[in-house]
Amino acid sequence: MTTPNTALVTGASRGIGRAIAQRLAADGFTLIVNYARDAAAAADTVTEITAAGGKAVALQADVSDPQQLQQLFSDAVQAAGPIAAIVHNAGILPMANIALEHLESFDQCVAVNLRSTFLLMGHAREQLSEGGRFVALSSSVLARNFPGYGPYIAAKAGVEGLIRVFANELRGRQITANAVAPGPVATELFFKGKTPEQIAQLAAMNPLERLGEPEDIANTVAFLCSQDGGWVNGQVLRANGGFA
Ligand code: NAP
């Protein structure tokens, strides 16, 4: 029997997810490239992976929708066999103060960032092979309590809570479950709605004095998915250049 080497990355059509998918493909995984809306961008991720000699297939699913996720896993297993690593990267950052008129933003943020994590873990529990890896994306902004980040911070704090329990619940299966919490990273999600001054200020907050690049986060996730990362379990790794 061959060792399963398929990895599923949610939200891999661009940004951090695309960089994670490319890196895991370079490390020898066959990639399931999930996306929600942008089929062309997901196809570009697949093209870049295959052009570099890797294997990948794009599959659409909104991660907050249980039926679409069910279909995603069934299509993924059919396309690429048993799954060895799941990276739940898809996420949104709707800026909203904690005010009654923003309940809809809160619900949407929790659905895409947190409810999805519970659902992905449910599938991971059923699908991950012995020795598998589960990684979810949190955020280092948890430590900063910036105004307007309430729904996002609430959802990502929930992700960090789930990851520790999930690692314990997987006892005996040699599967690790961890979160990676980036600081500011140069992607659409980060740049949207920010002035050049705000971007410069956030970039200067860590002692390395630059924004993170998607590849910085992909390197961290790849470590956790590798043999070398096998003793890290139930942790939140803050990959942020020292942003605190
Ligand atoms: P991004 O550039 O906006 O990309 C988001 C990705 O998620 C896209 O591929 C998008 O696919 C997908 N997505 C969005 N909603 C989805 C849904 N409902 N179902 C499935 N896929 C969905 O974001 P990013 O900056 O790379 O962020 C990736 C992760 O890192 C997120 O969890 C984010 O919270 C976290 N993070 C980012 C930063 C940062 O500064 N960038 C910092 C800390 C944490 P479509 O385009 O096809 O919809």
Side-chain angles (χ1 to χ4, degrees), residues 8-23 31-46 48 58-73 76 86-95 107-117 119-120 123 135-144 146 149 151-160 162-163 179-194 198-199 201-203 205-206 210-218 220-221 236-241 243-244:
L8 185 155
V9 181
T10 66
S13 51
R14 57 190 151 86
I16 295 170
R18 175 182 284 190
I20 293 170
Q22 288 176 317
R23 171 60 197 268
L31 258 296
I32 305 294
V33 171
N34 161 255
Y35 66 100
R37 287 164 299 269
D38 196 340
D44 287 346
T45 305
V46 170
E48 285 176 21
L59 293 176
Q60 192 276 337
D62 176 341
V63 291
S64 65
D65 183 313
Q67 276 76 38
Q68 291 188 32
L69 270 188
Q70 188 75 45
Q71 191 64 47
L72 171 69
F73 275 89
I86 295 172
V87 181
H88 181 28
N89 158 86
I92 54 169
L93 169 55
M95 297 299 291
D107 285 344
Q108 191 202 11
C109 187
V110 168
V112 175
N113 292 326
L114 177 57
R115 184 174 197 256
S116 64
T117 306
L119 290 167
L120 261 294
H123 285 285
V135 181
L137 270 285
S138 178
S139 171
S140 285
V141 83
L142 251 71
R144 303 296 313 200
F146 293 137
Y149 281 74
Y152 185 72
I153 286 178
K156 293 298 192 181
V159 170
E160 294 191 11
L162 285 177
I163 208 80
V180 171
V185 177
T187 68
E188 259 177 73
L189 176 140
F190 170 74
F191 289 126
K192 196 172 153 206
K194 293 190 177 72
Q198 286 172 323
I199 292 166
Q201 202 181 8
L202 284 159
M205 282 177 84
N206 70 71
R210 67 167 175 87
L211 286 179
E213 293 298 328
E215 292 71 24
D216 292 317
I217 309 310
T220 309
V221 171
V236 179
L237 238 166
R238 303 208 179 278
N240 58 23
F243 172 97

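Both counts, for ligands and for their atoms, begin at 1 and track the order of listing.
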Option set V33, I92, L211, V63, criterion heavy-atom distance to atom 19 (N) of ligand 1, minimum
V63

Checking contacts here: is it the side chain or the backbone of K156 that comes within 4.0 Å of ligand 1, counting heavy atoms only? Could be both or neither.
side chain

Checking the N or O distance criterion of under 3.5 Å, is ligand 1 in contact with D62?
yes

Hey, does P66 have a side-chain heavy atom less than 4.5 Å from the side chain of R115?
yes

If we number the atoms of ligand 1 from 1 as shown, the ones under 4.0 Å from a heavy atom of A36 are 11 (O), 16 (C), 17 (C), 19 (N), 20 (C), 21 (N), 22 (C), 45 (P), 47 (O), 48 (O)

Which of these, Y152, Y35, F190, has its nearest heavy atom closest to atom 35 (C) of ligand 1?
Y152

Please state which part of N34 comes within less than 4.0 Å of ligand 1, counting heavy atoms only: side chain, backbone, both or neither.
side chain

Rounded to the nearest 0.5 Å, how far does OH of Y152 lie from CD1 of I92?
10.0 Å

Look at atom 42 (C) of ligand 1 and say which protein heavy atom is nearest, naming residue and atom and giving the distance to 0.1 Å.
G183 O, 3.3 Å

Test side-chain contact (heavy atoms from CB on, under 4.5 Å) applied to F190 and K192, K194, E188, the passing residue:
K194

When rounded to the nearest 0.5 Å, the distance separating CD of Q71 from CG of L69 is 10.5 Å

Please list, in number order, the atoms of ligand 1 under 4.0 Å from a heavy atom of A90.
7 (O), 13 (N), 20 (C), 21 (N), 22 (C), 32 (O)

With heavy-atom distances below 4.0 Å as the criterion, list the atoms of ligand 1 near G15.
2 (O), 26 (O)

Checking heavy atoms under 4.0 Å, the part of S13 that sits near ligand 1 is both

Heavy-atom distances under 4.0 Å decide this one: backbone, side chain, both or neither, for S138 against ligand 1?
backbone

Does the side chain of R144 reach to within under 4.5 Å of the side chain of L202, using non-hydrogen atoms?
no

Taking the side chain from N89 and the backbone from T10, do they hold a donor-acceptor pair closer than 3.5 Å?
yes

Quick check: P184 and ligand 1, any N/O pair under 3.5 Å apart?
no

Please state whether the rings of H123 and F73 are parallel, tilted or perpendicular, taking 30° and 60° as the class boundaries.
parallel

Using a heavy-atom cut-off of under 4.0 Å, does the side chain or the backbone of A61 touch ligand 1, or both, or neither?
backbone

Contact check, S116 vs ligand 1, heavy-atom distance below 4.0 Å:
no

In the protein, which heavy atom is nearest to atom 23 (O) of ligand 1, and how far is it?
L189 CB, 3.3 Å

In a check of side-chain contact (heavy atoms from CB on, under 4.5 Å) between L237 and each of T220, I217, V221, which one passes?
T220

Note the single closest protein heavy atom to atom 43 (C) of ligand 1, along with its residue, its atom name and the distance in Å.
P182 O, 3.3 Å

shortest atom 32 (O) of ligand 1-to-protein heavy-atom contact is with N89 O, 2.7 Å

Under 4.5 Å between any side-chain heavy atoms of L8 and L72, yes or no?
yes

Tell me whether N34 contacts the main-chain N or O of G11 through its side chain, where contact means a donor paired with an acceptor under 3.5 Å.
yes

Any side-chain to backbone donor/acceptor pair from T45 onto A12? Under 3.5 Å, distance only.
yes

List every atom of ligand 1 that sits less than 4.0 Å from any heavy atom of S139, numbering the atoms from 1 in the order shown and giving each element.
43 (C), 44 (C)

Relative to atom 10 (C) of ligand 1, which among R14, Q68, K192 owns the nearest non-hydrogen atom?
R14

Quick look: I16 vs ligand 1, heavy-atom contacts under 4.0 Å, and the answer is both

Those atoms of ligand 1 less than 4.0 Å from some heavy atom in D38:
45 (P), 46 (O), 47 (O)

pair L162-L114: side-chain heavy atoms closer than 4.5 Å:
yes

Using a cut-off of 6.0 Å, state whether more than 12 heavy atoms not belonging to E213 lie near its atom CD.
yes

Measure from the side-chain N and O atoms of S140 to the backbone N and O of R238, and report whether any donor-acceptor pair falls under 3.5 Å.
no

re atom 39 (C) of ligand 1, the protein heavy-atom contact at minimum distance is V185 N, 3.6 Å

Tell me which protein heavy atom sits closest to atom 7 (O) of ligand 1, plus the residue, atom name and distance to 0.1 Å.
G11 CA, 3.5 Å

Could you see which bit of T187 sits under 4.0 Å from ligand 1, with heavy atoms only: side chain, backbone, both or neither?
side chain

Which atoms from ligand 1 have a heavy atom of R37 less than 4.0 Å away?
14 (C), 15 (N), 45 (P), 47 (O), 48 (O)

Around Q70, counting heavy atoms of other residues, nucleotides and ligands shown, do more than 12 lie under 6.0 Å from its CD?
no

